[in-house]
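Worksheet: one structure, shown below.
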Amino acid sequence: MHMTPEPSFRASVDLMFKRATQFMNLSPGLEEKIRVCNSTYTVRFGVRLRGKIETFTGYRSVHSEHMEPVKGGIRFATNVNQDEVEALAALMTYKCALVGTPFGGSKGGLSIDPRAWEEHELEQITRRFAYELIKRDLIHPAQNVPAPDMGTGEREMAWIADQYQRMNTTDINHRACVTGKPLNSGGIRGRVEATGRGVQYALHEFFRHPADLARAGLQGGLEGKRVIVQGLGNVGYHAAKFLSEEDGAKVIAVIERDGAVIDERGLDIQALKEWVTQNGGVKGYPGTSYVEAGAEVLEHACDILIPAALEGVIHKGNAARIRAPLIIEAANGPVTYGADEILRAKGTIVIPDLYANAGGVTVSYFEWVKNLSHMRFGRMQRRAEEAHSRMLVEELERLSADRGLGWELRPDFKERFLTGSDELALVRSGLDDTMRTTYQAMRAIWHGRPEVGDLRTAAYVFAIDRVARTYRSKGL
Ligand code: NAD
């Protein structure tokens with residue numbers, strides 16, 4: 001079959017943007033202003049490694065500064081390029097607007113295979129890249145705040161934070177220059193799991209609306225639902241773990257770089273993750289069938305498909321064969337524009353990336369606020385909250401004793417009720433609230449304006465409207 005080539009990732013995001021703006025009343029000038037990427041900085045730098053100078057290419061793209069700081073992860077991968085970084089930066093603008101985090105959109109990338117270098121070498125490379133960005137205020141607590149993305153995690157963020165501090169020794173807010181840091185460098189509890197946790201909360205909210213479930217031809221709860229996950233990295237691992245261990249969903253297949261493993265009875269995600277860490281891939285994991293052409297498993301029958309690795313994996317070439325009635329985009333841009341049209345026509349429900357993976361930036365926002373406030377969440381309130389609860393419990397027990405009622409509170413209730421909220425509980429509460437209210441805002445447009453047609457377009461309409469309002473209130 002001959003097919004027209006697909007647009008690039010960035011063009012794909014622009015087409016999704018345009019599909020939304022046709023339902024909006026923006027002046028053409030404002031529409032253009034919101035759509036375009038403000039700037040992309042490209043840097044090539046050398047690092048002396050293994051006796052010779054290696055040159056690396058990195059990017060930091062700022063899509064929209066309607067709010068500052070701008071925010072967005074830094075990706076380490078060999079195929080990082082300007083088009084991809086700009087697409088991801090645009091998605092960040094819409095994502096932040098959608099979930100109500102007060103940031104503009106940005107993204108960074110370094111073209112590198114992180115697995116090809118030793119830890120101390122990676123540290124040198126990361127610090128040098130960070131130096132180039134810090135020098136130009138492209139890492140800065142008030143202007144541009146990176147976070148982890150593919151190929152980076154807490155370790156890299158700690159190096160970046162330290163590099164910033166070395167170069168800005170008197171900046172009292174230095175810790176707020178980057179998020180996704182380890183706890184001992186000013187991180188926040190619950191950030192590592194946040195994106196996967198957000199995917200879980202998004203599904204919880206979707207499943208609270210039987211009418212929405214029905215559109216996907218599904219019913220009931222998450223218990224027993226068959227799930228396929230692509231990518232067992234930070235996002236995919238946590239999503240798969242929480243859905244299987246806490247919600248009783250069955251993860252029947254995991255697709256990784258080296259292929260896919262399938263077990264219709266449901267995989268033990270923790271054990272599989274340990275296998276991947278030890279063996280470098282899923283191949284050979286006991287008790288499963290292995291498929292070398294992993295991407296084909298995206299087409300297997302399941303209830304929920306979770307692409308959590310990279311962009312463009314569901315494209316015009318395979319979209320028609322995708323059998324999952326519900327796709328939740330844990331990765332950024334896993335469904336191309338062309339594939340999105342095909343899926344929409346056949347009634348597949350897609351919970352879009354700018355919503356589905358917004359848990360990361362939401363908790364990054366909490367971390368940034370924590371850094372600026374210089375205090376852990378819950379530090380002031382927790383014991384006061386516990387004292388209040390204790391008063392109530394003691395009063396109930398006194399009443400029961402005085403009146404001879406013989407009431408007894410269950411010990412586990414008492415324990416839970418008497419425990420004040422610590423930082424992790426507060427972070428999860430804030431994340432859950434964000435995922436719930438945002439879904440409700442999207443669905444109000446999805447159901448209320450039939451011409452909009454799908455959740456992705458609804459998300460864009462909501463997000464673009466917010467950005468437009470910010471611009472208008474600035475007098476642009
Ligand atoms: P990660 O590097 O931790 O994990 C990516 C995983 O995908 C790895 O296990 C890798 O082996 C696997 N993978 C790579 N190529 C693959 C292929 N061709 N087929 C199958 N698996 C493959 O990255 P991550 O942070 O989990 O990010 C994954 C996606 O989620 C990206 O699109 C990223 O932009 C998005 N995202 C991440 C965050 C975050 O907080 N980390 C937040 C929002 C969105």
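For ligands, and for the atoms within them, numbers begin at 1 and follow the listed sequence.
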With a cut-off of 4.0 Å, which atoms of ligand 1 are near a heavy atom of [X]?
X      : value
Arg191 : 40 (O)
Ala308 : 28 (C), 29 (C)
Arg75  : 31 (C), 32 (O), 33 (C), 34 (O)
Asn357 : 43 (C), 44 (C)

Distance to 0.1 Å, residue and atom name: give those for the protein heavy atom nearest to [atom].
atom                    : answer
atom 17 (C) of ligand 1 : Leu310 CD2, 3.6 Å
atom 2 (O) of ligand 1  : Gly151 N, 3.0 Å
atom 34 (O) of ligand 1 : Asp149 OD1, 2.7 Å
atom 32 (O) of ligand 1 : Asn332 N, 3.1 Å
atom 31 (C) of ligand 1 : Ala309 O, 3.4 Å
atom 3 (O) of ligand 1  : Asn234 N, 2.9 Å
atom 37 (C) of ligand 1 : Val235 CG2, 3.4 Å
atom 9 (O) of ligand 1  : Glu256 OE2, 2.5 Å

Salt bridge or not between [X] and [Y]? Use side-chain N to carboxylate O under 4.0 Å.
X      : Y      : value
Glu6   : Lys316 : no
Arg208 : Glu205 : yes
Glu121 : Arg50  : yes
Glu245 : Lys273 : no
Arg128 : Glu54  : no

Could you work out, with side-chain hydrogen bond (donor to acceptor under 3.5 Å, both in side chains) as the rule, every residue matching Gln200, not counting sequence neighbours?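 For Gln200, the residues satisfying side-chain hydrogen bond (donor to acceptor under 3.5 Å, both in side chains) (neighbours in sequence not counted) are Arg197, Glu246, Asp247.
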
For Arg376, check side-chain hydrogen bond (donor to acceptor under 3.5 Å, both in side chains) against everything at least two apart and list the hits.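 side-chain hydrogen bond (donor to acceptor under 3.5 Å, both in side chains) check on Arg376 returns nothing, list empty.
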
Could you work out, for atom 5 (C) of ligand 1, the closest of Ala356, Ala147, Gly233 by heavy-atom distance?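 Comparing heavy atoms across Ala356, Ala147, Gly233, the nearest one to atom 5 (C) of ligand 1 lies in Gly233.
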
Look at atom CZ of Arg136 and say whether more than 12 heavy atoms of other residues, nucleotides or ligands are closer to it than 6.0 Å.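 Above 12, so yes.
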
With a cut-off of 6.0 Å (strictly less than), are more than 12 heavy atoms of other residues, nucleotides or ligands near CD of Gln440?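 Count over threshold, so yes.
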
Tell me which part of [X] gets within contact of ligand 1: side chain, backbone, both or neither, using heavy atoms under 4.0 Å.
X      : answer
Gln230 : side chain
Ala330 : backbone
Thr195 : side chain
His238 : neither

Mind listing the closest non-hydrogen atom pair of Ala358 and Val99 along with its distance?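 Scanning both residues, the minimum pair turns out to be CB-CG1, 3.5 Å.
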
Does the separation of the ring centres of Tyr94 and His63 fall below 6.0 angstrom?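 Here the rings of His63 and Tyr94 have centres that are less than 6.0 Å from each other.
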
